[in-house]
Amino acid sequence: MVPSTYWAFEQAVLFSYICFNNQISKIMKKKAIAAVTIAIFSLFLIFTSGCKKNLPITDPNPVPENPLELTVSNSFDWKTTREIGLEVTGITIPANIKNTLQVKSTDEVKVFLKNQIFMNQDYSLKFTIPAYETEVLITYGSIRQTLDVTTDVIYFSYLSE
Amino acid sequence: MKYLLTTISSFILLLSATTAFSQYEVDFNDGSTSYYEALCWDIDEASVSTSQPIEGNRSIRTSKLDDDIGIIISPWVSLSGSGNLTFKHRIYNYNGSRNLKVYIISEANPSGELLFDYDYSNGTTKTESIAITQSGVYKFKWRFSGSGGNSRGQLDLVSIPGTYASDPSNDCDPIAANPDTDGDGVPDTEDDYPTDQYRAYNNFYPASGQSTLAFEDLWPSAGDYDLNDVVVGYSFKIVTNASDNVVDMIGTFVLRASGAGLHNGFGFQLPNVDPTSVISTTGYQILPSSGYTLGSNGLETGQTFATIIVFDDFFRFVVPAGGGTGVNTTAGQTPVPYDTITVTMAFMNNGTPGAGGAVSITTLNISEFNPFIIARMERGREIHLPDYEPTNKADPQYFGIEDDDSNPSIDKYYKTAGNLPWALNIYEEFDYPLEEVSVTSAYLKFGDWVQSNGAQFPNWYQNNPGYRNASKIY
């Protein structure tokens, strides 16, 4: 407790003693009241000037109510979708294996791409997903891989590592 | 005698030629363990290793055979009924007791029949040649075993008298003779049209349900951004053949709302599609008096890319109740049922493409289709999505006036100086704001999405807690 605060506290204690002590004269009581009033005022000054104010954190980029006041980057494309490139690396295999490659949502409800491809060939494909998707499931027959789509190009390999 | 010997020699040569058989040969030099496992080799307690290979730069090597076994199983192979299984093997760091057993496995006998049983006495390389008389689909299993020490079994240069017969895309099961009734190369189990040789797959955009186009129609003046002057739900079904070329495309357009008093038409362009690649278009709704000029294939003439006018006047199909202006945007107004227009485009006819050639589904790239409204039924007054190009019929007099800041030299189209659009394409079904209620008031994360350049709340239009002011949405 800082010295000025301690002094105010001391006066408050003294005031209580004086007020509740009937043997102390009226003059003494008046002096006590004055002292406590000053003490309370001092406390007020201490707390209002000594403390740093807790100012509300201002949003550096507030969203206006009026759409005409939105700050829109030149590069913003307004799309709710993303186009993802899919690079498929074939493997050398002594048979002509052909099956259907599918790119789906991880719950397999949505199919974003369906192509029949040979296992021994490379392919560069594209598909479009809602911009909020972060993963897709790729199936090629019984082969299944879940891939992250936070990048614009993903890579599918028949090898497990 | 000399003649007889010559004849016999010639006969032997001829016999050899006619009975020559295939060999499935593997030297394990082409890749890692995962590569051979992708080819359906089952490699257990072993790996393809570059450490002291028998030949070349890799061999299969087991883990330490200290009370462990290393098992290597080949893919399925179609055996010809004759020829020899050959392979090289040895024990690396020979010590203790070591054994190799080789089995032939069939689907009927998965535990296998023992072909070869060898107890090692040293670490030298051995070459084996085992006569194979079976015909049909089989696998071979090599089982190294032993106890004590740190020896490892090695296998290399495997040659099997037959042809590779595993399907890595089907759990490494034997390659099945999948029925293909229409003979288009797509098995019936994968074919959406198993009896139609000209069609194979159905492809959908969006992947499920409908997407939504929402327009402001006062362009080139900015509107109130309630995004309900024209609201059209859409989806496409694209039918492709076995070569992934487009055969048909069916576009379904749901006319949901029009908050404007203006009469607007709607169409779309397929960038990169030559109009002559389209054989026919049906289902569009245009009156002859509307002034559009269509070719024999139903596309608008005078366009570089295939352009389809879907309807000429929204209010011809969704009529305001009680004779008022606008439909399905004002609270308390009598709702009007949606109307649906289905447009079918043919790109191939019995396997023959249009004059402009086949269009692959990759070239079609339907997610980049270019929709637009024709405002006030004035053909030159097209309103497109932001930065989507106008068609040949757009009137350039509207660019760069009032609030429009289009600048073709920098590929900027249909945006204000502040980069605000006149249309949005929302991937899912969109619940649009009430009349004269701005999208920022109705959708509480819309502004964050825009000002974060799309990084925050890419799903701003979904009905998640805190995303909407439901009282401001129709």
Side-chain angles (χ1 to χ4, degrees), chain A residues 61-83 91-105 109-117 119 123-134 139-143 157-161, chain B residues 24 30-32 34-35 37-39 163-172 175 185-186 190 200-208 222 225 242 244 361-362 365 367-368 385-387 416 418-421 424-428 438-441 446-448 450-454 458-459 461-462:
Chain A
N61 201 18
V63 175
E65 180 79 9
N66 184 349
L68 294 175
E69 296 172 6
L70 286 169
T71 302
V72 186
S73 164
N74 287 342
S75 62
F76 183 50
D77 63 9
W78 293 93
K79 289 184 177 178
T80 60
T81 56
R82 291 173 50 225
E83 186 174 84
I91 56 170
T92 303
I93 185 168
N96 219 21
I97 302 296
K98 190 177 185 183
N99 211 318
T100 303
L101 179 85
Q102 296 195 58
V103 181
K104 310 178 192 178
S105 56
V109 169
K110 301 173 193 155
V111 178
F112 302 120
L113 174 73
K114 186 159 59 174
N115 265 18
Q116 195 172 198
I117 64 173
M119 202 168 176
Y123 293 87
S124 292
L125 305 170
K126 288 183 184 178
F127 60 94
T128 299
I129 55 171
Y132 58 76
E133 292 280 8
T134 57
T139 65
Y140 184 76
S142 60
I143 299 171
S157 167
Y158 299 106
L159 274 55
S160 59
E161 60 180 40
Chain B
Y24 173 50
D30 293 333
S32 63
S34 61
Y35 169 70
E37 287 178 336
L39 295 186
T163 53
Y164 183 92
S166 268
D167 186 350
S169 73
N170 189 25
D171 290 318
C172 288
I175 294 174
V186 180
E190 301 284 330
Y201 295 119
N202 290 326
N203 305 269
F204 297 95
Y205 187 86
S208 66
Y225 283 96
D244 293 322
I361 192 167
T362 303
N365 197 14
S367 65
E368 286 300 308
L385 295 169
D387 291 333
T416 66
N419 297 313
L420 292 172
L424 287 183
N425 185 359
I426 299 116
Y427 187 75
E428 296 173 358
S438 72
V439 63
T440 45
S441 298
F446 178 84
D448 291 303
V450 172
Q451 296 196 152
S452 69
N453 217 23
N459 58 344
Y461 48 87
Q462 291 183 336

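We name chains A, B, ... by the order of the sequence lines, and we start the count at 1 in each one.
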**Asked** Among A:G141, A:A131, A:P130, which residue forms the greatest number of heavy-atom pairs with chain B at distances under 4.5 Å?
**Response** A:P130
**Message:** Using side-chain hydrogen bond (donor to acceptor under 3.5 Å, both in side chains), reason through A:N74 and B:N419 one step at a time and then give a plain yes or no.
**Reply:** CA-CA 6 Å; A:N74 287 342; B:N419 297 313; 2.7 Å; yes
**Asked** Between A:N66 and B:Y225, is any pair of side-chain heavy atoms under 4.5 Å apart?
**Response** no
**Asked** Is it true that the side chains of A:Y158 and B:S169 contain a donor and an acceptor less than 3.5 Å apart?
**Response** no
**From CG (A:N115) to CG (B:D244), nearest 0.5 Å** = 4.0 Å
**Fill in**
Interatomic distance, CD1@A:I143 vs SG@B:C172, rounded to 0.5 Å, equals 7.5 Å
**Request:** Report the distance from atom CD1 of A:I91 to atom CG of B:L39, rounding to the nearest 0.5 Å.
**Result:** 4.5 Å
**Which portion of A:S75 sits near chain B, non-hydrogen atoms under 4.5 angstrom** = both
**Prompt:** Which bit of B:I175 is near chain A, if near means a heavy-atom gap under 4.5 Å: side chain, backbone, both or neither?
**Reply:** side chain
**Request:** Mark yes or no for whether A:K114, through its side chain, and B:N203, through its backbone, hold a donor-acceptor pair below 3.5 Å.
**Result:** no
**Request:** Please tell me if the side chains of A:I97 and B:N170 come closer than 4.5 Å, counting only heavy atoms from C-beta onward.
**Result:** no
**Prompt:** Under a 4.5 Å heavy-atom cut-off, does chain B meet the side chain of A:L113, its backbone, both or neither?
**Reply:** neither
**Complete:** Output for pair (B:S452 OG, A:F76 CZ), nearest 0.5 Å, gives 7.0 Å
**Complete:** Honestly, the part of B:L420 sitting under 4.5 Å from a heavy atom of chain A is both
**Request:** Kindly indicate, with the supporting measurements, whether the criterion side chain to side chain contact (heavy atoms under 4.5 Å, CB included) is fulfilled by A:K110 and B:F204.
**Result:** CA-CA 9 Å; A:K110 301 173 193 155; B:F204 297 95; over 6 Å; no
**Complete:** In terms of heavy-atom pairs under 4.5 Å with chain A, the winner among B:G418, B:A242, B:G31, B:P421 is B:P421
**Prompt:** Quick one: do B:E368 and A:K79 make a salt bridge, cutoff under 4.0 Å?
**Reply:** yes
**Non-hydrogen atoms of B:A207 and A:V111 that approach each other most closely** = CB-O, 3.4 Å
**Complete:** Residues passing the salt bridge (Lys or Arg N to Asp or Glu O under 4.0 Å) test with B:D387, sequence neighbours excluded, are B:K415
**B:Y35 side-chain N/O to A:T92 backbone N/O, donor-acceptor pair under 3.5 Å** = yes
**Request:** Answer with side chain, backbone, both or neither: which region of B:P168 has an atom nearer than 4.5 Å to a non-hydrogen atom of chain A?
**Result:** both
**Prompt:** For B:D30, is it the side chain, the backbone, both or neither that has a heavy atom under 4.5 Å from a heavy atom of chain A?
**Reply:** neither
**Prompt:** Do A:W78 and B:N425 come within less than 4.5 Å of each other through their side chains, counting heavy atoms only?
**Reply:** no
**Request:** Just do the side-chain hydrogen bond (donor to acceptor under 3.5 Å, both in side chains) check on A:T128 and B:Y427 with the steps written out, would you?
**Result:** CA-CA 10 Å; A:T128 299; B:Y427 187 75; over 6 Å; no
**Toward chain B, the part of A:T139 with a non-hydrogen atom under 4.5 Å** = neither
**Message:** Do A:L70 and B:Q451 make a side-chain contact, defined as non-hydrogen atoms from C-beta onward lying under 4.5 Å apart?
**Reply:** yes
**Request:** Evaluate the criterion side chain to side chain contact (heavy atoms under 4.5 Å, CB included) for residue pair A:V63 and B:F446; output intermediate values, then yes/no.
**Result:** CA-CA 9 Å; A:V63 175; B:F446 178 84; over 6 Å; no
**B:E428 versus A:Y132, side-chain donor and acceptor atoms under 3.5 Å** = yes
**Asked** Once you round to the nearest 0.5 Å, how far does CG of A:D77 lie from CG of B:N453?
**Response** 8.0 Å
**Message:** What's the separation between atom OG1 in B:T362 and atom NZ in A:K126, rounded to the nearest 0.5 Å?
**Reply:** 9.0 Å
**Interchain contact, B:S166 with chain A, by part (heavy-atom threshold 4.5 Å)** = backbone
**Request:** Check whether any side-chain heavy atom of A:T81 sits under 4.5 Å from a side-chain heavy atom of B:Y205, and report yes or no.
**Result:** yes
**Message:** Using side-chain hydrogen bond (donor to acceptor under 3.5 Å, both in side chains), reason through A:E65 and B:T440 one step at a time and then give a plain yes or no.
**Reply:** CA-CA 6 Å; A:E65 180 79 9; B:T440 45; 5.7 Å; no
